[in-house]
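For reference, the structure is listed below as structure tokens.
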Amino acid sequence: MNQFNEPKMVIGSEEWCAFPSINIPAVKARIDSGAKTSSLHAINIHFFTRDGVQWASFEVHPLQENRKITVQCEAPIIDHRVVKSSSGDKEKRPVIRVPLAIGEKSWTIEVTLTDRDSMGYRMLLGREAMNGRILVDPEGSCLLGDCCQNDLANLYKAPEMRTEGLKIGLLASNPDLYSNRRIIEAAESRGHEIQFLNIKNCYMKLDATTPEIHYRGGRLLNDLDAIIPRIRPSKTFYACTLLRQFESLGVYCLNTSMAITKSRDKLRSLQLLLDNGIQIPTTGFANSPLDTDDLINMVGGAPLIVKLLEGTQGKGVVLAETRKAADSVINAFKSLNANILVQEFIKEASGKDLRCFVIDGKVVASIQRIAAVGEFRANIHLGGRAELIKVTAEEKRLAIKAAKAMDLKVAGVDLIRSNKGPLVLEVNSSPGLQGIETAANEDIAVKMIMAIEKQLRITSE
Ligand SMILES: Nc1ncnc2c1ncn2[C@@H]1O[C@H](COP(=O)(O)OP(=O)(O)OP(=O)(O)O)[C@@H](O)[C@H]1O
Ligand SMILES: [Mg+2]
Ligand SMILES: [Mg+2]
């Protein structure tokens with residue numbers, strides 16, 4: 001018996017509960033008597049005043065691994081508390097007081113609001129909320145009843161739970177490109193509705209309460225489930241701004257703005273690769289032509305590679321065979337105010353490199369690119385040819401690690417085989433499909449669509 005003159009309820013280590021007053025009919029909570037406070041996954045928290053009291057509006061994705069179902073909530077804020085998370089980080093969080101429904105019972109508890117997206121559970125029930133009412137059987141799970149997919153579909157309205165029939169936007173510049181045509185085909189073949197969104201025709205309204213994205217002519221782009229960004233380098237800045245807007249509207253972006261920004265900055269991405277223990281060719285970078293001499297020494301002298309930071313398709317990559325040539329090329333670029341990096345030349349690669357296509361932490365296809373005769377750059381656009389290759393386990397691991405270092409869900413990782421082992425040259429966030437689909441005979445576009453389906457699927461686990 002407890003102070004309420006009722007027997008205590010026995011619950012397991014995870015249970016379904018609900019917050020009816022904020023329209024959350026079901027959320028699976030991790031029961032953790034080791035934690036003092038309870039917390040609920042909340043994003044886009046905005047504070048406002050109502051009748052002289054501080055309130056917050058926030059969004060909850062109540063189901064694990066599902067960002068598609070969003071509940072819009074509002075509640076008065078009773079406090080802001082510093083909470084130490086399980087990882088030891090301190091965070092100041094708003095606190096709300098809401099009735100918790102669990103099993104047949106309901107009582108009011110205090111809950112802190114925080115972004116728990118990276119955690120397994122959308123809610124954590126701590127001991128303060130359980131005091132006097134609950135006994136925990138750590139071996140048990142969902143002792144008060146489980147919720148199956150059907151229950152959840154009913155609770156959160158069935159049409160929103162489908163993983164077919166997603167509305168996908170392909171954010172790119174040219175609908176006729178092979179890669180874009182293939183992505184559109186693949187999405188349609190899997191029963192989704194996909195629309196081509198030309199980056200230059202999208203514009204946005206920044207506003208705390210009603211942020212929006214419009215398409216030329218005024219059409220509101222507000223009901224998309226996912227965006228596939230395919231962004232050419234020259235459009236990175238504007239397209240990433242658009243992507244951030246989509247992200248803040250809760251639209252799932254196959255590659256995030258943050259990941260694309262990281263990988264597009266050649267120097268930053270090389271630094272990030274090194275930070276993650278990934279080998280790259282020795283690289284030098286300097287601001288002033290006065291340091292050219294030492295810069296050349298740093299990468300082991302000539303022959304060496306000079307790369308324009310904004311280059312792509314191999315266009316800004318130059319091989320300087322002698323020290324004199326290196327010196328003049330570097331100084332010529334500098335005098336044009338071009339940003340360059342200088343890199344050790346991996347001669348033993350003999351004009352070959354590897355492209356590993358990574359989707360969702362797996363290498364789905366790999367090709368070897370072989371430079372045209374008399375050329376050291378293996379780019380297909382420069383006459384290189386692609387052939388299927390079986391990459392080693394180490395190379396696969398390296399490619400996966402490199403994509404992860406950039407947080408890219410979809411990445412084309414370029415590797416080069418050196419005497420020191422495989423080195424990463426770069427990580428591309430919008431890797432082309434033509435060369436690799438043809439050589440590897442794989443439907444990579446469909447795999448990209450399936451990664452979205454997986455992300456937006458509903459799980460009751
Ligand atoms: N340090 C190096 N040593 C030897 N060869 C290199 C080196 N760096 C680049 N290359 C060759 O030049 C090609 C182009 O270089 P890189 O990939 O860095 O440039 P890019 O312009 O970004 O090309 P893209 O983004 O289209 O793949 C590589 O695919 C590789 O074949
Ligand atoms: Mg590149
Ligand atoms: Mg490349």
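Every number for a ligand or one of its atoms is a count from 1 in the order of the listing.
- The two residues S366 and C356 have their closest heavy-atom pair at OG-SG, 3.8 Å.
- Rounded to the nearest 0.5 angstrom, L166 CG and E453 CD are separated by 6.5 Å.
- Under the 30°/60° scheme for interplanar angles, the aromatic rings of Y203 and H214 are found to be tilted.
- At a 3.5 angstrom cut-off on N or O pairs, I305 does not count as close to ligand 1.
- Rounding to the nearest 0.5 Å places CD1 of I77 at 10.5 Å from OG1 of T112.
- Take the N/O/S atoms of E426: the one nearest the Mg ion (ligand 3) is OE2.
- Scanning S350, G314, P303 for the heavy atom closest to atom 21 (O) of ligand 1 points to G314.
- Counting atoms of ligand 1 from 1 in the listed order, those under 4.0 Å from a heavy atom of L425 are 7 (C), 8 (N), 9 (C), 28 (C), 30 (C).
- Short contacts between ligand 1 and D414, defined as distances under 4.0 Å to a heavy atom of the residue, involve ligand atoms 17 (O), 27 (O).
- Counting only heavy atoms from C-beta outward, the side chains of R182 and E437 approach each other to under 4.5 Å.
- Heavy-atom proximity to N428, at under 4.0 Å, picks out these atoms of ligand 1: 25 (O).
- Polar contact check, P281 against ligand 1: no nitrogen or oxygen pair lies under 3.5 Å apart.
- Here the shortest heavy-atom distance to atom 9 (C) of ligand 1, taken over E426, R377, E375, K307, belongs to K307.
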Problem set entry | Trace of the side chain to side chain donor-acceptor pair (under 3.5 Å) decision for S173 with N198 | CA-CA 5 Å; S173 298; N198 201 320; 4.6 Å; no
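- Heavy atoms of I346 found under 4.0 angstrom from ligand 1 belong to the backbone as well as the side chain.
- Counting only heavy atoms from C-beta outward, the side chains of M448 and I228 approach each other to under 4.5 Å.
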Exercise. Side chain to side chain donor-acceptor pair (under 3.5 Å) between S430 and R230: does it pass, once the steps are laid out?
Worked result: CA-CA 5 Å; S430 294; R230 298 286 305 181; 4.6 Å; no
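- With a 4.0 Å heavy-atom cut-off, ligand 1 is reached by the backbone of E344 but not by any atom from C-beta on.
- Counting only distance, with no hydrogens or angles, the side chain of N180 and the backbone of L177 share no donor-acceptor pair below 3.5 Å.
- Taking the Mg ion (ligand 3) as reference, D414 places its N/O/S atom OD2 nearest.
- Ligand 1 places these atoms under 4.0 Å from at least one heavy atom of I416: 3 (N), 4 (C), 5 (N), 6 (C).
- For ligand 1, the atoms lying closer than 4.0 Å to a non-hydrogen atom of K266 are 22 (O).
- Between the CG atom in D115 and the NE2 atom in H41 there is a gap of 5.5 Å [rounded to 0.5 Å].
- Here is the list of ligand 1 atoms found below 4.0 Å of a heavy atom in F376: 11 (C), 31 (O).
- Taking every non-hydrogen atom of F345 and a distance limit under 4.0 Å, the qualifying atoms of ligand 1 come out as 3 (N), 4 (C).
- Which parts of ligand 1 touch A378 is read off a 4.0 Å heavy-atom cut-off, strictly below it: atoms 31 (O).
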